[in-house]
Amino acid sequence: MTRPYDPQQIEPRWVEAWERERLYEAGGPDDPRPKFYALDMFPYPSGDLHMGHAEVFAFGDAIARFAWMRGHNVLHPIGWDAFGLPAENAAIKRGTHPKEWTYRNIDLQRASFKRYGVSFDWSRQFNTCDPEYYRWTQWLFLRLYERGLAYRKLAPANWCPKDQTVLANEQVVAGACERCGTPVVRKDLTQWFFRITEYAQALLDDMEELEGWSERVLTMQRNWIGRSEGAEVEFEIAETGERITVFTTRPDTLWGVTFFVFAPEHPSVPALADIGGVPAEVRDLLDRLQATPLTSREQAQSREGIPLGVHAINPVNGEKVPCFVAPYVLMEYGTGAVMGVPGHDQRDFEFARQHGLPVRVVIQPDGEERDAETMTEAYDHEGVMVASGPFDGTPSPGGIPRVTEWLASEGKGRPAVSYRLRDWLISRQRYWGAPIPIVHCERCGEVPVPDDRLPVELPDDVDFSPTGESPLAKHDGFVNVACPRCSGPARRDTDTMDTFVDSSWYFLRYCSPRKEDGPFETAEVARWMPADQYTGGIEHAILHLMYARFFTKALHDLGLVPFREPFTNLLNQGMVIMRGAKMSKSKGNLVEPMPLVDRWGADTIRATMMFANKPEDDIDWATVSPEGVHDWLGRVWRAAHDAAARDGADPEALRRTTHRTIEQVTALYEGFRFNVAVARLMELTNEIRAALDRGEPAREAVTALVLMAAPMTPFVAEELWREVLGGDGSVHRLGWPAFDEELARQEAATLVVQVDGKVRDTIEVSPDVTQEEAERLARDSERARRAIGDREVARVIVRPPRLVNLVTRG
RNA sequence: GCGAGAGUGGCGGAACCCGGCAGACGCGCCGGACUUAGGAUCCGGUGCCCGAAAGGGCGUGGGGGUUCGAAUCCCCCCUCUCGCACCA
C-alpha cells in the first residue's frame with residue numbers, strides 16, 4: 001500500500017537535509033560550469049513573509065533551480081534590506097528598539113524562507129544594518145563625494161510632517177508621503193544629494209543593453225528621466241538689461257510670444273518686483289506657496305499670476321512683452337522662466353485668457369500649421385488644438401532646426417536638452433539608517449571621515465522619537481568629534497542615508513560578502529556580475545532600479561566595476577491581491593502565506609502561485625485555490641509509486657508524449673511561462689495515470705515528470721526521486737531531462753480534412769504522411785469524397801504533421 | 001492628454017510570436033461509483049442554441065480588410081488596466 005502524500009511529513013526533512021548537504025552554496029572560482037547569478041529583490045523585514053514574498057521567491061527559486069539543473073554554477077543569495085523608517089516607526093509604537101525589532105523579523109523571515117524551501121546560499125547572508133555592511137555603504141558615499149557626485153545644498157525639500165523627515169521626489173505620490181499618506185509640505189533645508197542628473201543621458205542610452213527588460217519598465221524609466229530637446233533662448237529685461245534664459249522645445253514659435261513668466265522662486269524675481277513696485281504681492285505669493293507641498297496639484301493647476309511691472313525683450317523681433325510671476329511655472333524644470341506663447345501652448349493660452357493677453361499664432365513657412373489661412377485654431381507642439389480663434393497670425397522664418405541655428409549664430413540662444421530627472425536627495429532626519437560619514441569643522445568645513453575610521457557607527461542609545469531634528473544631533477557622544485584634518489572641535493553630520501542607498505549595491509556585496517578590506521572583491525564581482533536574472537516586484541520599476549543603475553554607472557566610472565548595467569534580465573512579477581484590491585490589514589483582506597504552508601505544504605503554495613497566472617500579471621487570491629494543485633501532487637505521488645513498482649520500457653505513445661512535454665516545458669521555463677508549464681505537467685500526469693491504469697509501465701515518463709516539476713515543487717520531487725525512484729543524489733543537482741527531437745515531433749497522426757477552411761472529417765494516418773499520400777487520400781478515399789460532396793478539388797494543402805486542406809471549386 | 005498593455009466559457013487562464021480541430025490545465029458546477037456519512041477519494045460530463053440521439057447552427061469587445069482558411073495578420077472604433085502628466 002502506497003503511503004499517502006503528506007507534505008508536512010516530508011518537507012521539513014528535506015529542509016534539514018539540504019542544509020546538511022550544503023546543496024545550494026555557489027561554486028568557487030574553479031567551478032567549471034557556466035555561472036548564473038539568480039538575484040531576487042531582497043526583502044524588507046517588516047514582519048513575517050507576506051504573499052508578495054511567497055510569489056517572488058517562488059518564481060526566483062524556480063529560475064535558480066532550473067539553472068542548477070541545466071548545469072550552471074548558480075549564485076542565489078539572500079540578505080535583508082534592514083534599515084529604514086518602518087522599523088523606526090514600529091519601534092516607537094511598540095516601545096522597543098529598531099534594531100531589536102528588525103533582527104527579530106529577520107529571524108522570523110529566515111525560518112519561513114527555509115520552510116518554504118527556497119534554495120538560498122545561506123553562507124552569504126547579510127543585513128544592510130550590520131556595521132560590516134554599512135561601513136562599505138559609507139565608503140562608497142565617500143568615493144562619490146570625492147568625485148563630486150555627492151554634495152550638499154540648501155534646497156526646498158519635500159517634508160513629511162508626520163514622519164518628520166525629508167522625502168525624495170520619488171517618495172511623494174500625489175502630494176502626499178508615499179508611506180503614511182500625509183500631505184507633504186515644502187521646507188528649505190541643507191540636504192545631501194547624489195548627482196544622478198549627471199547620468200541622465202547614460203541612463204537613457206544604456207537602455208539599449210537591457211534586452212531582457214520589459215517595455216513597460218523601460219517606458220516608465222524613460223518618462224521619469226523625461227528628456228526633451230529644444231533650445232535655450234535669452235531674453236533681456238528692458239528695465240534692467242538683465243539677461244534671462246528660458247528653455248523651450250519650440251524656438252520656432254518665438255514670433256508668437258506675447259508675455260513672459262517667472263517661477264515664484266526664480267532668483268531674479270525679488271529685485272524685479274522691487275523695480276516694478278510689487279514686492280509685497282510677490283512676497284505674499286511666495287509665503288503662501290511655502291506652506292503648500294512642493295508637488296501639489298491645485299497650486300500648479302491655477303492660472304493665477306502677478307504682473308511684475310517690467311518687460312522682457314523678445315530677441316527675434318525686439319518686442320517688449322509684460323513679465324509675470326506665476327506658480328504654473330516650476331523652478332524645478334528648465335530654467336524657472338518661460339516665454340508665453342498662447343497660440344501654441346494650452347497653459348499659456350489659459351493664462352493669456354485669464355489676464356487679458358493677446359494670442360498670436362505662428363504660421364510655419366511650409367504650411368505645417370493647419371490653420372495657416374484662417375487662423376481660427378491654435379495648436380500646441382504635439383499638434384493638439386489649444387483653442388479656437390480668431391487669432392492674429394505672424395509668419396515664422398523657419399522650422400525648429402533653422403531657428404535654433406540662427407539663434408546660436410546671433411548669440412541669442414543655443415540648442416539645449418532638458419531633463420525632468422532631479423538629483424537624488426539622500427539625507428534623512430531619522431535614526432535608523434547609515435550615518436553620513438562627514439564631519440563639519442568650523443575651520444576646515446566639510447571633512448570626509450577617513451576610510452580607516454569607518455564605519456561611523458550608529459549608536460544604540462539614541463532618543464529617536466521624531467522631532468524634526470535628526471535624532472543623532474541629540475547624542476553628544478556621537479556629534480562631538482575631533483576634526484580628522486585639524487583635530488580641532490567639530491561636529492558629525494547627523495543625517496542618515498536613504499535606504500535606497502543601501503539597496504543600490506547589495507547585489508555586489510553578495511559576490512564576496514565577508515570581504516573585510518573593501519566593499520567587494522573585484523575578481524568575484526567580475527565573475528558573477530552582471531546578474532543574469534533579477535526577479536522582483538513592479539513597484540520598484542523606477543526607484544530602486546534607477547538608483548541601482550546609477551550606482552553601477554558611477555562605480556564603473558570610478559574604475560571599481562567593469563560593467564555599466566547591473567541586471568541583464570529583469571522579471572517584474574505582479575501583485576497578489578484579494579478580491580480585486582491590494583491586501584491590507586485595514587481592509588481585512590489580508591492573507592498570510594505561512595499558515596497556508598502549514599495547511600497545504602510549501603510545494604502546493606508555490607505551485608499554486610505559479611499556476612494562477614503569468615508572472616507579470618496580478619493574482620487575485622480569491623480566484624485561485626490550492627486544492628487543484630494539491631490534488632495534482634497527490635496524483636504525481638501515487639503515479640510515481642505505481643510506476644516504480646513496475647518493470648519494462650514505456651510504451652511508444654507515452655514516450656512520445658513525454659518527449660513532447662519535455663520540449664515544451666523547457667521552452668516554457670525559459671520564457672517564465674510557469675503557469676502553462678504546470679498545465680503541461682498536469683497533462684502528462686493524466687497520460688501517465690491512464691497508461692498505468694492500462695497496466696503499462698511508465699517509469700521513464702514519471703522520472704521526467706518529477707525532474708521537470710522539481711524547480712517548482714522541490715520537496716515532493718526530491719522525495720520521489722531519492723526515496724521512490726531510487727535516484728542517486730539530489731534531484732536538484734541532476735541534469736535537466738533531454739528530449740529526443742524526432743520523438744517529440746511525432747504526433748498521434750490525424751489528418752484534419754478541411755474543405756474551404758471548414759473541418760469536415762478527421763482521418764487517422766501514419767505520422768510521416770507525405771504530400772503524395774495525402775493527395776491520394778484526399779482524392780480517392782471514400783471519406784474524403786463524402787466530405788467534399790460533388791465539388792471539384794482545386795488544391796490540396798498538406799501541413800505536416802496533421803493537416804490536409806482541400807480547396808474546392810464550384 | 002501622452003505612453004504601455006489587455007479584452008476568449010460561470011471563474012483563473014491556454015492557443016497569438018510563426019494564420020490551420022478555439023476553450024489546454026485547473027477551479028466551479030452536474031451526474032455516477034465507493035460509503036453509515038462526505039466538506040474524503042475515484043470515474044464521467046460541462047462554450048452557447050436546437051435536438052432523445054445522430055447531427056446541425058452560432059461563437060474569441062464592435063466594424064471593415066487580406067486569405068481556401070483569422071482569436072491570431074492589417075485598418076478603424078469601443079471598453080478596461082497600468083504608468084506619466086502644467087515638464088515649457
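A quick note: this is a predicted structure, and the numbers were derived from the prediction, not measured. Every chain is numbered from 1, with letters handed out A, B, ... down the list of sequences. Computed over heavy atoms, backbone and side chain alike; hydrogens, waters and symmetry mates excluded.
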5′-ward residue of the pair A:Thr623/A:Leu668 relative to RNA chain B
A:Thr623
note: A:Phe674, atom CZ; B:rA14, atom P; distance rounded to Å ~ 14 Å
Is the glycosidic angle of B:rG39 within 90° of 0, making it syn, or outside that range, making it anti?
anti
Sticking with atom P, work out how far B:rG5 lies from B:rG9, rounded to a whole angstrom.
23 Å
Any base atoms under 4.0 Å from A:Asn613, or only sugar-phosphate, or nothing? Heavy atoms, all strands.
sugar-phosphate
Whether A:Phe324 and A:Phe351 hold their rings parallel, tilted or perpendicular, with breakpoints at 30° and 60°
perpendicular
Across the strands shown, which category fits A:Asp348 at heavy-atom distances under 4.0 angstrom: base, sugar-phosphate, nothing?
nothing
Any strand is fair game: report the nucleotide pairing with B:rA54 by Watson-Crick or G-U wobble, both distances under 3.5 Å, or none.
none
Which is true for A:Arg680 with a 4.0 Å heavy-atom rule: it touches a base, it touches only sugar-phosphate, or it touches nothing?
base
A:Val676 side-chain proximity, nearest of B:rC27, B:rA14, B:rG3
B:rA14
Which of B:rC42, B:rA14, B:rC87 is nearest the side chain of A:Arg638? It is B:rC42
Whole-Å distance, A:Tyr5 OH to B:rC42 P, equals 14 Å
Rounded to whole Å, please give me the gap between CD in A:Glu350 and P in B:rA88.
16 Å
Do NZ/NE/NH1/NH2 and the carboxylate oxygens of A:Arg689 and A:Asp693 come within less than 4.0 Å?
yes
Given that A:Val678 and A:Asp693 both sit by RNA chain B, which one's nearest nucleotide is further toward the 5' end?
A:Val678
Just the rounded figure in Å: distance from C1' of B:rG5 to CG of A:Asn572.
14 Å
How would you label the contact of A:Val329 with the nucleic acid (heavy atoms, under 4.0 Å): base, sugar-phosphate, or nothing?
base
Assign A:Asp631 to base, sugar-phosphate, or nothing according to its heavy-atom contacts below 4.0 angstrom with the strands shown.
sugar-phosphate
Under a 3.5 Å limit on both distances, the Watson-Crick or wobble mate of B:rC18 is none
If B:rG10 has a Watson-Crick or G-U wobble mate with both distances under 3.5 Å, name it; if not, just say none.
B:rC27
For A:Arg222 and B:rC2, what is the distance between atoms CZ and C1' respectively, to the nearest whole Å?
14 Å
A:Val338 has its side chain closest, among B:rC84, B:rA88, B:rG13, to B:rA88
May I ask you to decide whether A:Glu683 forms a salt bridge with A:Arg660, counting only side-chain N to carboxylate O separations under 4.0 Å?
no
Interatomic distance where CG belongs to A:Asn686 and C1' belongs to B:rG26 [whole Å]:
10 Å
Tell me: CD of A:Glu627 to P of B:rG12, nearest whole Å?
18 Å
May I ask you to say what A:Arg227 touches in the nucleic acid, namely base, sugar-phosphate or nothing, with a heavy-atom cut-off under 4.0 Å?
nothing
State, without any angle test, whether A:Glu350 and A:Gln354 hold a side-chain donor-acceptor pair at a distance under 3.5 Å.
no
Do the ring planes of A:Trp637 and A:Tyr5 sit parallel (below 30°), tilted (30 to 60°) or perpendicular (above 60°)?
tilted
B:rC73 pairs with which nucleotide, Watson-Crick or G-U wobble, both distances below 3.5 Å?
B:rG65
Nearest to the side chain of A:Glu683, which nucleotide is it out of B:rG12, B:rA88, B:rA24?
B:rA24
A:Trp621 CH2 to B:rG26 C1', straight-line distance once rounded to whole Å:
13 Å
Scan A:Arg216 against the nucleic acid and name what it touches under 4.0 Å (heavy atoms): base, sugar-phosphate only, or nothing.
sugar-phosphate
With distance as the sole criterion, is a donor-acceptor pair present between the side chains of A:Gln221 and A:Arg549 under 3.5 Å?
yes
